[in-house]
> 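Below are the structure tokens for one structure; questions will follow.
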Protein chains: 2
Amino acid sequence: MGRKARYDKKQFIRGALKLLAELGPAGVTMNAVAEEIGAPIGSVYHRFVSRDVLLAELWLQVVESFQKNFLKALERSDGLEAALHTPRWVRAHPKEGKVLLLYRRDELSRGEWPDDIKAHAVKLAEELNTGIRSFVTQMFGRMSRRNLNRTVFVLIDVPHAAVRRYLEVGAILPDVVDELIRDTYHAVYKEVV
Amino acid sequence: MGRKARYDKKQFIRGALKLLAELGPAGVTMNAVAEEIGAPIGSVYHRFVSRDVLLAELWLQVVESFQKNFLKALERSDGLEAALHTPRWVRAHPKEGKVLLLYRRDELSRGEWPDDIKAHAVKLAEELNTGIRSFVTQMFGRMSRRNLNRTVFVLIDVPHAAVRRYLEVGAILPDVVDELIRDTYHAVYKEVV
DNA sequence: GACATATTAGAATATATATTCTAGTATATA
DNA sequence: TATATACTAGAATATATATTCTAATATGTC
């Protein structure tokens with residue numbers, strides 16, 4: 001019932017993603033998003049309550065994309081694969097990579113989120129959390145704050161740090177990145193592996 | 001010649017630093033800066049051409065503060081000390097730490113910088129660059145892109161990554177941070193040290 | 001003490017964007 | 001074919017902040 005839609009959420013999010021990767025947060029104005037896909041601004045607001053929510057959905061989509069295979073590697077107890085997932089994912093998804101690694105969530109979307117979006121965020125956070133915790137238990141035999149810290153560092157923080165520098169200047173990720181991540185992985189897990 | 005100043009640059013920068021660390025970039029409005037130190041907004045503009053320039057000067061001051069002892073450690077060819085400088089400096093300068101590690105320069109100050117500020121930035125960048133390069137030469141016997149990459153990773157990227165997570169949530173830096181930085185250092189430099 | 005001027009004061013203005021609002025359009029359903 | 005309504009359209013509005021502007025004020029110099 002009612003007229004057929006010419007533009008849907010996906011298109012607006014794709015447009016916003018492009019603008020965000022190319023111009024940064026300030027470039028993602030509602031007019032720019034509309035223009036990017038040739039829609040009137042009214043149609044953007046027909047889909048998203050606010051810019052804040054549009055960016056929130058974009059953010060969650062990016063996080064979900066990143067986490068998907070990262071968690072799969074963890075489930076296989078393949079820590080090294082999980083650590084190397086970051087550069088690989090970034091190579092395959094350059095725009096998403098920029099969003100995840102160059103901006104902070106609260107820089108993109110600051111207001112209160114609607115319940116469904118908040119729920120989605122909680123779900124993703126919990127998935128990541130339990131994924132890492134069960135990996136730690138597998139890996140070390142038991143959970144401890146220290147082991148958790150080391151794992152988060154090796155599987156997430158270091159890979160992100162290794163990649164970020166290149167994304168900032170828009171350079172292609174060299175292979176050294178993977179090499180460094182690998183070295184760090186073995187160093188920090190030396191007692192275990 | 002003229003009346004005595006009641007407010008100087010330093011005070012405004014200090015005020016902006018506090019706001020930035022507490023509220024993020026959006027909290028650093030010109031009115032807020034003025035209010036922070038009880039000055040009229042006209043006096044802020046009397047000292048700084050624009051918000052952009054105020055933030056540029058703040059940024060350079062923070063970078064300079066960070067680099068000072070970092071470079072000293074490098075000059076002593078003390079790579080480990082240089083790597084550990086990040087968590088130590090952040091503990092000693094929490095507000096500056098947040099600014100340097102949580103925000104990107106172009107997020108704070110986007111416009112064209114006046115010549116003197118640009119010159120200052122170039123000077124700092126060159127100092128860091130030559131400091132690292134001469135350290136690499138000392139350390140490895142010769143300069144190479146690969147050795148430079150490894151060094152930047154170990155001395156800067158990894159320490160920053162280890163610290164960032166805690167700054168984001170306003171937590172005190174635990175000792176694990178130093179431990180992890182140390183482990184990574186030895187791992188990546190294993191052929192050398 | 002008078003003058004020149006660096007500085008304080010803060011109200012007024014400019015500008016950029018998010019958001020709202022009203023009108024028109026196309027399609028599913030009856 | 002009539003009707004309800006999801007959607008398109010984009011002009012008008014609201015709002016937040018940076019910036020400008022004009023008028024005082026105090027202090028060093030003559």
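Throughout, protein chains are lettered first and strands after them, A, B, ... in sequence-line order, and every chain is numbered starting at 1. Every value quoted in this text rests on a predicted model; they were computed, and no experiment measured them.
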> Please determine whether a side-chain nitrogen or oxygen atom of A:Arg47 lies at a distance below 4.0 Å from atom OP1 or OP2 of D:dA6.
no
> Would you mind reporting whether B:Ile132 and B:Ile156 have side-chain heavy atoms less than 4.5 Å apart?
yes
> Without decimals, in angstroms, what is the distance between A:Tyr45 OH and C:dT22 C1'?
17 Å
> Starting at NZ of B:Lys9 and ending at P of C:dT8, how long is that distance when rounded to a whole Å?
14 Å
> Check whether any side-chain heavy atom of B:Phe70 sits under 4.5 Å from a side-chain heavy atom of B:Leu74, and report yes or no.
yes
> What integer distance in Å separates A:Leu55:CG from C:dT17:C1'?
13 Å
> So, B:Asn129 and B:Glu126: side-chain donor and acceptor under 3.5 Å apart, yes or no?
no
> Would A:Glu57 and A:His120 count as having a side-chain donor-acceptor pair, cut-off 3.5 Å?
no
> From the list C:dT7, D:dT20, D:dT8, which nucleotide is the closest neighbour of the side chain of A:His46?
D:dT8
> Give a yes/no answer on whether the side chain of A:Arg6 brings an N or O atom under 4.0 Å of OP1 or OP2 in C:dT25.
no
> Rounded to whole angstrom units, what separation is found between the CD atom of B:Glu35 and the P atom of C:dA11?
13 Å
> Should B:Arg3 be listed as having a side-chain N or O under 4.0 Å from OP1 or OP2 of C:dT5?
no
> Nearest heavy atom decides the nucleotide; on that basis, is B:Val44 or A:Met30 closer to the 5' end of DNA chain C?
B:Val44
> Between C:dA28, D:dA18, C:dT19, spot the one nearest the side chain of B:Thr29, thanks.
D:dA18
> Report the distance from atom CG of A:Asp52 to atom P of C:dT19, rounded to the nearest whole Å.
8 Å
> Do the side-chain N or O atoms of B:Tyr7 get closer than 4.0 angstrom to the phosphate oxygens (OP1, OP2) of C:dA6?
no
> Can you measure B:Ile37 atom CD1 to C:dA9 atom P for me and round it to whole angstrom units?
11 Å
> Check the distance between D:dA18's C1' and B:Arg51's CZ and give it to me in whole angstrom.
9 Å
> Could you state the atom-to-atom distance from CG of A:Leu108 to P of C:dA18 in whole Å?
13 Å
> Of all the nucleotides listed (D:dC7, D:dT19, C:dA18), which has the minimum atom distance to the side chain of B:Ser50?
D:dT19
> Look at the side chain of A:Ile41 and decide which nucleotide, out of D:dT19, D:dC7, D:dG10, has an atom nearest to it.
D:dG10
> Taking the nucleotide of DNA chain D with the nearest heavy atom to each, does B:Asn31 or B:Gly42 sit closer to the 5' end?
B:Asn31
> Does some side-chain heavy atom of A:Leu180 sit less than 4.5 Å from a side-chain heavy atom of B:Val154?
no
> Would you tell me if any nitrogen or oxygen in the side chain of A:Ser43 comes within less than 4.0 Å of OP1 or OP2 on D:dC7?
no
